[in-house]
There are 2 protein chains.
Amino acid sequence: MKISDAVEALGALAQQSRLEVYRYLVQAGPGGVAAGAIAEHFGMPGATLSFHLSALKQAHLVVCQREGRSLIYSANYQTMGELMSYLTENCCQGGV
Amino acid sequence: MKISDAVEALGALAQQSRLEVYRYLVQAGPGGVAAGAIAEHFGMPGATLSFHLSALKQAHLVVCQREGRSLIYSANYQTMGELMSYLTENCCQGGV
DNA sequence: TTCATATTTCCAGAATAGTCAAATTATATT
DNA sequence: AATATAATTTGACTATTCTGGAAATATGAA
């Protein structure tokens, strides 16, 4: 993971609403949650949620797939794992 | 660590210059580096560096101590450890 | 004291991020 | 086709962040 990717992933998580949404998707598991259901759960306007989801998607922290009229979002554990590795290697004691 | 603390720490690291400065301080080790030396290393105006250091300090990711006319900044590994724990517990598979 | 050095704070401007109603796109149902 | 539902994009606005010169603060040396 390059530093610019780490900055993007960190930035995507560095906002209360987005971190809550990401946690929620992690808890929801691989099945994911439809955008509308996420918006309802957090009482957030659709446009606002969509803005935040696109930041998470841009950082590859979530993926989405269409199912009928719904878009199902789910956490992409791989990117989070890469971010954790980046931080462990570059920002923790004993790092390179 | 509360979610608001996690957001603050993530936000402090979610900027290229700050992430580079933090990495540099981690590499420098417990002895730390004077603000001026950091600014010189990155070719960054003092005021700009000071702004970024205060964000890292606010998030408790760095600490500083005066030594003569210099302020020596060093990485605070404990906060980074707490952030890693937060992410592991809340944002990774198998989390609560 | 006076001068020099190290750093921060103040200030203003430029850039980016966050919010949400309204319009648009995509899909499904009748 | 016409209508309804799910979500995104657009657009306008407000708020926050970033940048760096200039002024202020703090310490040390002559």
Side-chain angles (χ1 to χ4, degrees), chain A residues 3-25 28 31-76, chain B residues 3-25 28 31-76:
Chain A
I3 187 168
S4 53
D5 299 322
V7 167
E8 188 163 50
L10 289 164
L13 297 172
Q15 207 274 350
Q16 182 115 5
S17 302
R18 282 198 299 266
L19 186 53
E20 286 175 357
V21 167
Y22 185 76
R23 276 172 48 162
Y24 181 62
L25 290 178
V33 187
I38 303 173
E40 192 182 14
H41 181 264
F42 289 105
M44 192 183 290
T48 301
L49 175 69
S50 199
F51 170 81
H52 288 308
L53 284 174
S54 83
L56 290 169
K57 198 163 52 178
Q58 175 96 14
H60 305 109
L61 281 163
V62 304
V63 293
C64 72
Q65 77 203 68
R66 182 171 285 280
E67 204 164 283
R69 274 177 293 212
S70 298
L71 284 173
I72 311 294
Y73 282 85
S74 51
N76 179 12
Chain B
I3 188 170
S4 54
D5 298 323
V7 168
E8 188 164 49
L10 289 164
L13 297 172
Q15 207 273 350
Q16 181 115 4
S17 300
R18 282 198 298 267
L19 185 53
E20 285 174 356
V21 166
Y22 185 76
R23 275 172 51 162
Y24 182 61
L25 290 177
V33 186
I38 303 172
E40 191 182 14
H41 181 265
F42 289 103
M44 193 184 290
T48 301
L49 176 68
S50 199
F51 170 81
H52 289 309
L53 285 174
S54 83
L56 291 168
K57 198 163 55 179
Q58 175 97 13
H60 304 109
L61 281 163
V62 304
V63 293
C64 72
Q65 77 204 67
R66 183 170 283 281
E67 204 164 283
R69 273 176 293 209
S70 297
L71 284 172
I72 310 293
Y73 282 84
S74 50
N76 180 12

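Chain letters run A, B, ... following the sequence lines, proteins first, then strands; residues in each count from 1. Atom set for the values below is all heavy atoms of this structure, side chains included, hydrogens, waters and symmetry mates excluded.
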Classify the angle between the aromatic ring planes of A:Tyr24 and A:His41 as parallel (below 30°), tilted (30 to 60°) or perpendicular (above 60°). parallel
Roughly how many Å is it from CD in A:Glu40 to P in D:dA7, rounded to a whole number? 10 Å
Out of C:dT29, C:dT8, D:dT8, which has the shortest distance to the side chain of B:Ser50? C:dT8
Give a yes or no on whether B:Gln16 atom CD has more than 12 heavy-atom contacts from other residues, nucleotides or ligands under 6.0 Å away. yes
Assuming nearest nucleotide by heavy-atom distance, tell me which of A:Lys57 and B:Glu67 is located more 5' along DNA chain D. A:Lys57
Measure from CD on B:Gln58 to C1' on D:dT17 and round the result to the nearest Å. 14 Å
Closest nucleotide among C:dA26, C:dG18, D:dA7 to the A:Tyr73 side chain: D:dA7
Quick one: label A:Ala34 by what it contacts on the DNA or RNA (base, sugar-phosphate, nothing), any heavy atom closer than 4.0 Å. sugar-phosphate
Testing C:dT9, C:dT19, C:dT5 for proximity to the side chain of A:Thr48, the answer is C:dT19
Hey, which sits more toward the 5' end of DNA chain C by its nearest nucleotide, B:Ser54 or A:Ala55? B:Ser54
Please state how far atom CD1 in A:Ile38 lies from atom P in D:dA6, giving the value in whole angstrom units. 14 Å
Whole-Å distance, A:Leu56 CG to D:dT8 P, equals 12 Å
For a side chain to side chain contact (heavy atoms under 4.5 Å, CB included) check, start with the C-alpha distance between B:Leu61 and B:Leu25, then their side-chain angles and the critical distance, and finish with the verdict. CA-CA 10 Å; B:Leu61 281 163; B:Leu25 290 177; over 6 Å; no
Nearest-neighbour nucleotide for the A:His52 side chain, D:dG20, C:dG18, C:dA22 considered: C:dG18
Is there a side-chain contact between A:Arg18 and the phosphate of C:dA17, meaning an N or O under 4.0 Å from OP1 or OP2? no
Just compare C:dT8, D:dG20, C:dA6 and give me whichever is closest to any side-chain atom of B:Leu71. C:dT8
Counting heavy atoms from C-beta on, name the nucleotide in C:dT19, C:dT7, D:dC18 closest to the side chain of B:Gln15. D:dC18
What contact category does A:Ser70 fall into here, base, sugar-phosphate, or nothing, at under 4.0 angstrom with non-hydrogen atoms? sugar-phosphate
Output the rounded distance in Å from CG (B:Leu13) to P (D:dT17). 15 Å
To the nearest 0.5 angstrom, please state how far the CG atom of A:Leu53 sits from the OH atom of A:Tyr73. 5.0 Å
Length of the line joining A:Arg66:CZ and D:dA7:P, which is rounded to integer Å: 8 Å
From CD of B:Gln65 across to C1' of D:dA26 the rounded distance in Å is 17 Å
Check whether B:Asn76 reaches the backbone of B:Val63 with its side chain - one donor and one acceptor, N or O, closer than 3.5 Å. no
What contact category does B:Gly46 fall into here, base, sugar-phosphate, or nothing, at under 4.0 angstrom with non-hydrogen atoms? base
C:dT8 P sits how many Å from B:Leu49 CG, rounded? 7 Å
Say whether, by atom type as modelled, one donor and one acceptor occur between the side chain of B:Arg18 and the main chain of B:Ala12 under 3.5 angstrom. yes
From D:dC18, C:dA6, C:dA17, nucleotide with atom closest to A:Phe51 side chain: C:dA17
Which part of the nucleic acid, if any, lies within reach of B:Ala47 when heavy atoms closer than 4.0 Å are counted: base, sugar-phosphate only, or nothing? base
